[in-house]
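Worksheet: the structure to be examined is printed underneath.
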Amino acid sequence: MKSPAINKAMDILRQLRGITEGQDNLPVKLDKIMALIASSMNADAAACYIAVDDTYLELFASHGFNPGAAHKVSLRFGEGLVGEVAKNNRSLAVADAWKHPKFSYKPELGEEEFKSFAGVPLIRWNRAIGVLVLQGREPHEYSRMEIEILETVAMVLSELVSSEEMAEYKKSLIKERGITEKEKHKGISLSKGYGLGNAVIHRRRQAVSKIFAEDKEAELHKLEKAHQQMNEDLDEKFASTKLGIGEHVDILDAYRMFAKDKGWYKKIADNVQSGLTAEAAVERAYEDMWNRLSGTTDTYLKERLHDLRDVADRLQSYLSGDVGSIKGVDSNDIVVVAQTMGPADLMDYDYSKIRGLIIEDGTPTMHVAIVAKALNIPVVAKIRGIFDEIKTGELLGVDGTEGYVYINPTAAVKEKFQDKIAAQEELKRKLAELRKLPSKTKDGVRINLAINVGLAFDLDYIETTNCDGIGLYRTEIPFMTSDVMPNVERQLSYYKELMDRAGQKKVIFRSLDVGSDKLLPYWSFGGEENPAIGWRSIRITLDRRAILRKQVRAFLRSAAGKELNVMFPMITNLAEFEEAKETLMLELEKEKRRGEPVPSKVNVGLMIEVPAVVFQLDSILPQADFISVGTNDLAQFTFACDRGNPKLTERYDVLSSPFLTMMKEIVTKADKYGVYCSVCGEMGGNPIEAMALIGLGYRNLSMSGSSFGRVKSMVRSMNVAEVSDYVNNLLKSSKRTLRPQLIAYAYDHGIEIY
């Protein structure tokens with residue numbers, strides 16, 4: 001004897017089959033099916049949401065809601081109750097949807113009068129392709145039997161949703177919206193945002209036409225002149241470019257170091273001496289390096305090879321006389337299209353006119369993508385063949401948020417882009433206005449927001465953001481851009497300028513952090529199989545103590561009469577911290593004995609980057625004045641995951657229960673001992689990750705200047721008590737990542753995570 005649930009389901013399915021096999025077009029079929037399901041299940045309304053891509057659902061049909069709501073309501077996976085069903089591939093029933101924390105109100109639907117909610121996923125190949133929803137005007141606890149009936153109906157409805165008929169219907173919708181298949185290309189997003197402009201095709205590399213030199217001396221003179229001119233132009237270009245603060249500054253200066261590298265230049269000159277033309281000599285020098293390093297699995301060395309290729313191509317352009325001959329279009333809005341390009345190549349254009357960048361061979365760790373992101377240029381990559389397809393002057397739309405490129409978009413698509421760009425500009429204006437407002441949450445909690453600083457000309461963000469201070473000064477950058485080891489006086493000039501610009505704001509110096517991927521041209525580090533966990537950072541400066549003594553001496557003199565905050569990176573145990581701290585204090589005593597002006601107060605701290613130190617906090621914190629969590633390395637070492645490896649980019653997430661639990665342990669211990677605790681890694685500059693950190697108890701965050709406004713906007717729109725409850729409950733989850741839940745929470749509670 002069949003159960004009542006099976007009997008009822010079979011009755012609905014018989015009628016559903018009759019509808020699907022009928023002659024009506026698909027929209028009519030879907031409307032009839034929604035009416036059938038609502039009637040058979042004694043519900044006041046029914047709706048069918050269908051996935052339009054891997055991230056969004058769209059309302060395709062409904063019964064009982066506002067007439068004409070179809071295709072006017074869309075939701076992200078994870079947004080609202082419907083998005084939650086799609087994201088988790090799991091049914092969800094709620095007696096009163098309005099009381100559920102995930103509920104997301106959609107006025108276009110007209111669901112003001114509805115209370116109860118039941119949603120089941122439409123599944124194909126273990127992936128949600130849609131959601132079937134029932135709603136009622138009165139609160140109602142859906143029984144297991146009702147959910148089972150709905151799930152059975154959803155199985156059959158999934159067949160219709162994945163049918164050829166549905167595929168053709170989706171194509172017709174795309175066409176109606178002014179989007180053709182040829183016009184829209186899917187890639188991967190490397191930098192978010194929207195841009196509309198005319199195509200400029202980027203071509204740099206010239207073929208070497210003449211191999212052997214007729215006059216070696218003439219070729220050497222030509223090489224020297226081109227090399228000198230290239231470096232002078234790069235110095236002028238970078239000095240006049242206000243690029244903010246962050247990793248992109250490190251990248252551009254590493255690029256400039258390559259261009260000035262004496263060893264590389266000597267190899268080229270030697271090749272000329274052997275009888276090659278200057279152009280052929282440059283190519284031979286690069287090929288020699290490629291042959292030695294191309295087989296490496298080290299991400300850092302691979303990126304250096306890319307940089308060297310870019311520098312070599314640039315030098316070739318000076319040798320051939322093609323420098324400055326980039327062909328553009330007569331437009332104030334351009335989109336640069338390249339197969340590949342170097343980080344300095346963007347500087348060859350008037351980047352104030354660049355509205356987007358398309359790179360056929362791009363990767364998330366590509367240096368030009370990082371620089372473009374700092375300039376707020378949307379970037380889309382990995383679209384096979386697009387470099388050859390796009391013609392100079394064609395109108396292009398770059399959707400860096402979803403990863404689409406539109407070639408010669410229709411008027412309708414162009415209008416949508418203009419709306420999104422206008423919204424983007426409005427957001428910039430809004431963020432600029434935040435400068436005058438306090439960094440306080442809705443429930444009155446003060447969050448201190450500082451910036452991370454690189455070079456001296458990056459200090460403009462101190463004024464433009466009105467930040468609370470400098471949470472991290474990367475002292476290695478001046479060392480990396482110098483041809484020789486900077487002496488105390490030279491270091492003092494850097495640090496003094498920073499202290500003067502900061503005024504009364506808090507400044508935290510990080511002692512020299514080199515090694516791993518930050519090599520100095522005048523030091524021989526030797527080969528290491530695993531440089532990220534090798535001889536680097538504090539390990540170097542404790543072994544070469546004279547370097548550390550000179551640096552802390554410069555710190556002390558730069559902060560004369562002011563408060564000095566020094567932290568030591570890569571500390572692994574208490575003994576290392578004690579050694580470093582003792583070195584600083586001995587230099588302080590020497591300065592006093594010399595009668596030199598000294599800081600009014602000296603605070604000594606350490607970076608929490610090595611997991612081992614987390615287990616020693618009870619021993620270390622009583623001896624530390626402050627700590628700062630470097631989440632980049634801490635995550636890398638915790639997950640045993642090279643953060644520069646694109647194959648591992650999305651495998652591990654800092655917004656996972658294990659990592660967040662570790663972060664909570666750190667701030668809880670710091671609070672217990674009354675020690676100032678901040679975050680200066682990338683987590684602090686990502687709004688959704690910063691929201692989670694605040695929920696865990698962090699009240700001091702430091703970030704790149706370009707991220708400052710977005711994080712401050714998030715802070716002012718959140719309620720700490722509510723977020724804290726939610727985040728701490730999530731720590732019990734066994735999911736690989738908690739990111740979707742946190743994003744959904746932010747959207748559902750109006751927290752601004754642009």
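Every heavy atom of this structure was used, including side-chain atoms; hydrogens, water molecules and symmetry mates were not. Computed from a predicted structure; not experimentally measured.
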I need the minimum non-hydrogen distance between [X] and [Y], along with the two atoms involved.
X: Phe637; Y: Pro611; value: CB-CD, 3.6 Å
X: Val613; Y: Ile571; value: CB-O, 3.9 Å
X: Leu512; Y: Pro569; value: O-CG, 4.2 Å
X: Gly685; Y: Met703; value: CA-CB, 3.5 Å
X: Leu701; Y: Ala690; value: CD1-CB, 3.8 Å
X: Arg710; Y: Pro687; value: NH2-CD, 3.5 Å

Can you list everything that forms a ring-ring contact (aromatic ring centres under 6.0 Å, His included) with [X]? Sequence neighbours excluded, please.
X: Phe509; result: Tyr473, Tyr495, Phe555
X: Tyr265; result: His227
X: Phe568; result: none

Tell me every residue that passes side chain to side chain contact (heavy atoms under 4.5 Å, CB included) with [X], counting only those two or more places apart in sequence or in another chain.
X: Ser628; result: Met567, Ser678, Cys680
X: Arg435; result: Asn466
X: Lys592; result: Leu588, Glu589, Val598
X: Leu542; result: Ile538, Arg545, Leu548, Glu576, Glu579, Ala580

Query raised in the report: Between Asp633, Thr638, Asn632, which is the residue that forms a side-chain hydrogen bond (donor to acceptor under 3.5 Å, both in side chains) with Gln636?
Result: Asp633
Report task. Have a look at Tyr494 and tell me which of Glu497, Gln491, Arg490 forms a side-chain hydrogen bond (donor to acceptor under 3.5 Å, both in side chains) with it. Result -> Arg490
**Report entry** salt bridge (charged side-chain N to carboxylate O under 4.0 Å, His left out) pairs, two or more places apart, involving residues 552-564
**Finding:**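 Residue pairs with at least one partner in residues 552-564: Lys506-Glu563, Arg553-Glu587, Arg557-Glu591.
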Query - Qualifying salt bridge (charged side-chain N to carboxylate O under 4.0 Å, His left out) pairs, either residue in residues 692-708, two or more places apart - result: none
Query raised in the report: Is Asn700 reaching over with its side chain to a backbone N or O of Cys677, donor-acceptor style, under 3.5 angstrom?
Result: yes
Query raised in the report: Looking only at atom types and distance, does a side-chain atom of Lys712 sit under 3.5 Å from a main-chain N or O of Leu437, one as donor and one as acceptor?
Result: yes
With no hydrogens and no angle check, just 3.5 Å: does a side-chain donor-acceptor pair link [X] and [Y]?
X: Ser702; Y: Asn452; result: yes
X: Ser656; Y: Arg739; result: no
X: Gln551; Y: Ser511; result: no

Taking the basic N atoms (NZ, or NE/NH1/NH2) and the acidic carboxylate oxygens, is any pair closer than 4.0 Å for [X] and [Y]?
X: Glu596; Y: Lys590; result: no
X: Arg446; Y: Asp468; result: yes
X: Glu463; Y: Arg501; result: yes

Query raised in the report: side-chain contact (heavy atoms from CB on, under 4.5 Å) between Leu564 and Leu556: does it pass, once the steps are laid out?
Result: CA-CA 7 Å; Leu564 173 65; Leu556 291 163; 3.7 Å; yes
Report summary line: Checking Asn603, Ile470, Asp625 against Asn565 for side-chain contact (heavy atoms from CB on, under 4.5 Å), the one that qualifies is Asn603
Could you grab the distance from atom [atom1] of [X] to atom [atom2] of [Y], nearest 0.5 Å is fine?
X: Glu752; Y: Met718; atom1: CD; atom2: CE; answer: 12.5 Å
X: Ile688; Y: Ile753; atom1: CD1; atom2: CD1; answer: 4.0 Å
X: Ser619; Y: Asn573; atom1: OG; atom2: CG; answer: 10.5 Å
X: Leu449; Y: Ile447; atom1: CG; atom2: CD1; answer: 7.5 Å
X: Leu315; Y: Ile268; atom1: CG; atom2: CD1; answer: 5.5 Å
X: Met499; Y: Gln504; atom1: CE; atom2: CD; answer: 9.0 Å

Requested in this report: Take Leu606 and Ile620 through the test side-chain contact (heavy atoms from CB on, under 4.5 Å) and record every step on the way to the result.
Outcome: CA-CA 9 Å; Leu606 67 149; Ile620 291 175; 3.7 Å; yes
Tell me, do [X] and [Y] make a side-chain contact under 4.5 Å, heavy atoms counted?
X: Thr583; Y: Arg549; value: yes
X: Val604; Y: Val566; value: no
X: Leu574; Y: Gln623; value: yes
X: Val610; Y: Met570; value: yes
X: Leu434; Y: Ser713; value: yes
X: Leu617; Y: Ile608; value: yes

Please report, to 0.1 Å, the donor-acceptor pairs under 3.5 Å made by any side chain of residues 657-667, with sequence neighbours excluded.
residue	atom	partner	partner atom	Å
Ser657	OG	Leu731	O	2.4
Thr661	OG1	Ser657	O	2.6
Lys664	NZ	Asn728	OD1	3.0
Glu665	OE2	Lys669	NZ	3.0

Requested in this report: Please list, chain by chain and in numerical order, all residues satisfying salt bridge (charged side-chain N to carboxylate O under 4.0 Å, His left out) with Asp543, sequence neighbours excluded.
Outcome: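 Here no residue qualifies.
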**Report entry** Contacts of Glu609 that satisfy salt bridge (charged side-chain N to carboxylate O under 4.0 Å, His left out) - sequence neighbours left out
**Finding:**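 Partners of Glu609 under the salt bridge (charged side-chain N to carboxylate O under 4.0 Å, His left out) test: none.
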Query raised in the report: Could you go step by step and tell me if Val727 and Ile694 meet the side-chain contact (heavy atoms from CB on, under 4.5 Å) rule?
Result: CA-CA 9 Å; Val727 171; Ile694 293 169; over 6 Å; no
Query - Trace of the side-chain contact (heavy atoms from CB on, under 4.5 Å) decision for Lys672 with Asp618 - result: CA-CA 10 Å; Lys672 173 185 173 183; Asp618 286 317; 4.0 Å; yes
